[in-house]
Amino acid sequence: MFSTLVIWDIAASIERQHQPQLCGSPLILMTGNQHLKVLATDALARQAGVQIGDTRKQAELHCPDAAILPAREDVYRRLFTEVIADLFHYVDKMEPRYSSGNAVLVVNTQHADELDFLRARIQSHLGGKISMGTASSKFVARVAGTSGAGHCVVAEGEEAAFLAPFPATSLPLNKDMHRRIPMMGIRTIGDYVALSRTAVFEQWGKHGLWCYDLAIGLDSRPLQSCQLAPVLTQSLSFDDSVADKEILISACLQLARVLIQQLNKCEAGRLILLLTDENYMTHEIHLAPNIPIRSLSHLQRQLPLLLEKPAYTTGIFHLKLQLCELTPVQPRQLSLFNMTQHQYSLNQAIRQWQKRFDEKVSQPTLTDAPRYFPPELQYEMVSA
């Protein structure tokens with residue numbers, strides 16, 4: 001038996017947990033730089049007519065009383081990953097699936113006590129509403145979890161009858177099926193099952209047959225256990241609150257030396273800084289550099305960028321520095337030909353050019369070549 005725990009509106013729940021003053025009012029989370037679009041909402045905003053993908057103006061017209069905030073997708077993913085890491089202490093295998101709307105967690109158990117314990121652990125970290133569903137297959141358990149009941153249990157042999165009234169969009173339809181099924185008058189899973197298997201295969205091929213099997217309760221997919229990516233973490237606490245930017249950078253540098261030693265022939269694609277202020281509020285700053293971090297000098301150059309725009313207004317008591325998205329260092333491609341010394345030193349390259357040209361009439365200037373190009377391509381001699 002499979003059981004599914006559905007975390008409703010995980011992004012809105014996290015924002016309400018960090019900002020309790022948002023409770024009781026509709027909440028809309030926007031994403032994008034120039035053209036803002038709705039990334040996630042709560043139940044109150046959806047009841048007012050706000051949909052995912054709406055523009056800010058459309059969202060304000062449907063729900064003028066809603067609180068509109070910028071979405072922090074990196075924060076939501078990190079917190080969801082921390083919850084999964086916590087649950088691994090109590091569950092051997094589980095299949096998490098993150099979404100800024102409803103996150104899903106599938107486990108291979110049907111005991112109500114274990115499920116209640118897992119739901120309590122998730123609510124202690126994320127809050128919000130969590131519903132559960134139990135069935136003999138993963139698809140039926142997921143649909144049962146989204147049915148709205150606290151814990152919906154589907155008995156074996158009743159899967160087809162249970163799925164029949166749900167909308168056909170609950171099935172994993174492809175793009176063509178999404179377009180054509182409403183045009184054919186198919187509204188529910190029961191309408192889809194009413195078709196013959198031959199007709200389904202003629203219209204949508206193997207994918208349509210797979211959806212047909214899911215619609216009648218046949219799902220042979222096993223539980224795919226996940227493996228959490230390693231995260232390097234170092235923390236530091238202050239005796240008194242600190243608001244000086246230079247002191248915080250110095251503290252981060254102290255932690256960075258330890259983190260670089262722990263990389264062990266790996267490179268980090270993301271740098272995370274967590275700051276806890278005097279009001280016990282956590283401020284989270286993410287930085288994804290263009291080049292993965294693999295050395296202390298590179299990490300030193302990134303630390304000032306974390307605190308370039310302070311996210312805190314009071315003193316800091318505790319800070320935590322993390323390196324994540326770790327990957328093995330890729331070997332460097334070597335040249336098959338001998339490289340001259342001036343190709344490694346920019347100053348030597350300029351001196352070589354100055355020997356060829358008259359310094360009074362020509363001088364080296366920058367070109368549009370990227371900085372990782374050889375020096376002779378980054379500069380050119382032009383008339384003074």
Asks: Looking at CG of L209 and CD of Q203, how far apart are the two atoms once the value is rounded to the nearest 0.5 Å?
Replies: 11.5 Å

Asks: Okay, side chain of D54, backbone of Q51: is any donor-acceptor separation there less than 3.5 Å?
Replies: yes

Asks: L115 and V107: which non-hydrogen atoms are nearest, and at how many Å?
Replies: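 Minimum heavy-atom contact is CD2-CG2, 3.9 Å.
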
Asks: So T4 and L105, do their side chains get closer than 4.5 Å, heavy atoms only?
Replies: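 Of all side-chain heavy-atom pairs linking T4 with L105, none is under 4.5 Å.
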
Asks: Does the side chain of T134 pick up a donor-acceptor pair with the side chain of Q110 at under 3.5 Å?
Replies: no

Asks: Are K129 and D42 ion-paired here, with the side-chain N under 4.0 Å from a carboxylate O?
Replies: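 A salt bridge is absent here (no side-chain N lies under 4.0 Å from a carboxylate O).
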
Asks: Could you check whether atom CD of Q262 has more than 12 heavy atoms from other residues, nucleotides or ligands sitting under 6.0 Å from it?
Replies: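 Yes, because the 6.0 Å sphere around CD of Q262 holds more than 12 heavy atoms from other groups.
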
Asks: Report yes or no: does D86 contribute a side-chain atom to a donor-acceptor pair with the main-chain N or O of E82 at less than 3.5 Å?
Replies: no

Asks: Once rounded to the nearest 0.5 Å, what's the spacing between atom NZ of K320 and atom CG of L274?
Replies: 6.0 Å

Asks: Quick check against the 3.5 Å criterion: does S170 have a side-chain atom that pairs as donor or acceptor with the backbone of F166?
Replies: no

Asks: So, for I249 and L303, which heavy atoms are closest and what is the spacing to 0.1 Å?
Replies: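 In terms of heavy atoms, the two residues are closest at O-CD1, 4.4 Å.
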
Asks: Using distance alone, with no hydrogens and no angle criterion, decide if S241 and E278 have a side-chain donor and acceptor under 3.5 Å apart.
Replies: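 Note: S241 and E278 side chains meet the donor-acceptor criterion.
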
Asks: Is it true that R72 and E284 have a side-chain N and a carboxylate O under 4.0 angstrom from each other?
Replies: no

Asks: Under 3.5 Å, side chain of N279 to main-chain N/O of M281, donor-acceptor pair present?
Replies: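 No, N279 side chain to M281 backbone: no donor-acceptor pair under 3.5 Å.
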
Asks: Nearest 0.5 angstrom please: I28 CD1 to C63 SG, how far?
Replies: 5.0 Å

Asks: Is there a side-chain contact between I272 and C324 in this structure, where contact means two heavy atoms from C-beta onward sitting under 4.5 Å apart?
Replies: yes

Asks: Is atom CZ of R97 surrounded by more than 12 heavy atoms (other residues, nucleotides or ligands) closer than 6.0 Å?
Replies: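 Not more than 12 within 6.0 Å, no.
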
Asks: Test D9 against R16 for salt bridge (charged side-chain N to carboxylate O under 4.0 Å, His left out), laying out the working first.
Replies: CA-CA 11 Å; D9 303 327; R16 283 202 171 96; over 6 Å; no

Asks: Are I285 and L319 connected in the hydrophobic side-chain network, where two residues link if heavy atoms are under 4.5 Å apart?
Replies: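 Same cluster.
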
Asks: Under 4.0 Å between a side-chain nitrogen and a carboxylate oxygen: does that hold for R180 and D176?
Replies: yes

Asks: Roughly how far apart are C211 SG and K206 NZ, rounded to 0.5 Å?
Replies: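 Taking SG in C211 and NZ in K206, the distance rounds to 14.5 Å.
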
Asks: Between the main-chain N or O of P172 and the side-chain N or O of H207, is there a donor-acceptor pair closer than 3.5 Å?
Replies: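 Yes; at least one donor-acceptor contact below 3.5 Å.
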
Asks: May I ask you to test the I181-Y192 pair for a side-chain heavy-atom distance under 4.5 Å?
Replies: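 The answer is yes; the side chains approach within 4.5 Å.
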
Asks: Please confirm whether the backbone N or O of P182 pairs with a side-chain atom of R187, one donor and one acceptor, at under 3.5 Å?
Replies: yes

Asks: Could you tell me whether the side chain of Y98 and the main chain of T81 form a donor-acceptor pair under 3.5 Å?
Replies: no

Asks: Is there a donor in the side chain of H298 and an acceptor in the side chain of Q300, or the other way round, less than 3.5 Å apart?
Replies: no

Asks: Sub-3.5 Å donor-acceptor pair from the side chain of S250 to the main-chain atoms of E246, do we have one?
Replies: no

Asks: Looking only at heavy atoms, which two atoms of L305 and R301 are closest? And how far apart?
Replies: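 Where L305 meets R301 most closely, the heavy atoms are CG-O, 4.0 Å.
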
Asks: Given E95, which of R142, K138, R221 fulfils the salt bridge (Lys or Arg N to Asp or Glu O under 4.0 Å) condition?
Replies: K138

Asks: Before we go on, tell me: are the rings of F238 and F317 under 6.0 Å apart, centre to centre?
Replies: no

Asks: Which heavy atom of L173 sits nearest to which heavy atom of H178, and what is that distance?
Replies: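 For L173 versus H178, the nearest heavy atoms are O-CD2, 3.5 Å.
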
Asks: Are side-chain N/O atoms of E114 and Y90 paired as donor and acceptor at under 3.5 Å?
Replies: no

Asks: For residues G217 and S137, report the shortest heavy-atom separation together with the two atoms involved.
Replies: O-OG, 4.0 Å

Asks: Can you confirm whether more than 12 heavy atoms, excluding those of F201, are under 6.0 Å from its CZ atom?
Replies: no

Asks: Could you verify whether a donor N or O on one side chain and an acceptor N or O on the other, from S136 and E159, lie under 3.5 Å apart?
Replies: yes

Asks: Any side-chain donor paired with an acceptor under 3.5 Å for S99 and N102?
Replies: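 The criterion, which ignores hydrogens and geometry beyond distance, is not satisfied for N102 and S99.
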
Asks: If we ignore hydrogens and angles and just use 3.5 Å, is the side chain of S131 paired with the main-chain N or O of G145 as donor and acceptor?
Replies: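 A pair under 3.5 Å: yes.
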
Asks: Tell me the closest heavy-atom pair linking A251 and L236, and the distance in Å.
Replies: CB-CD2, 3.6 Å

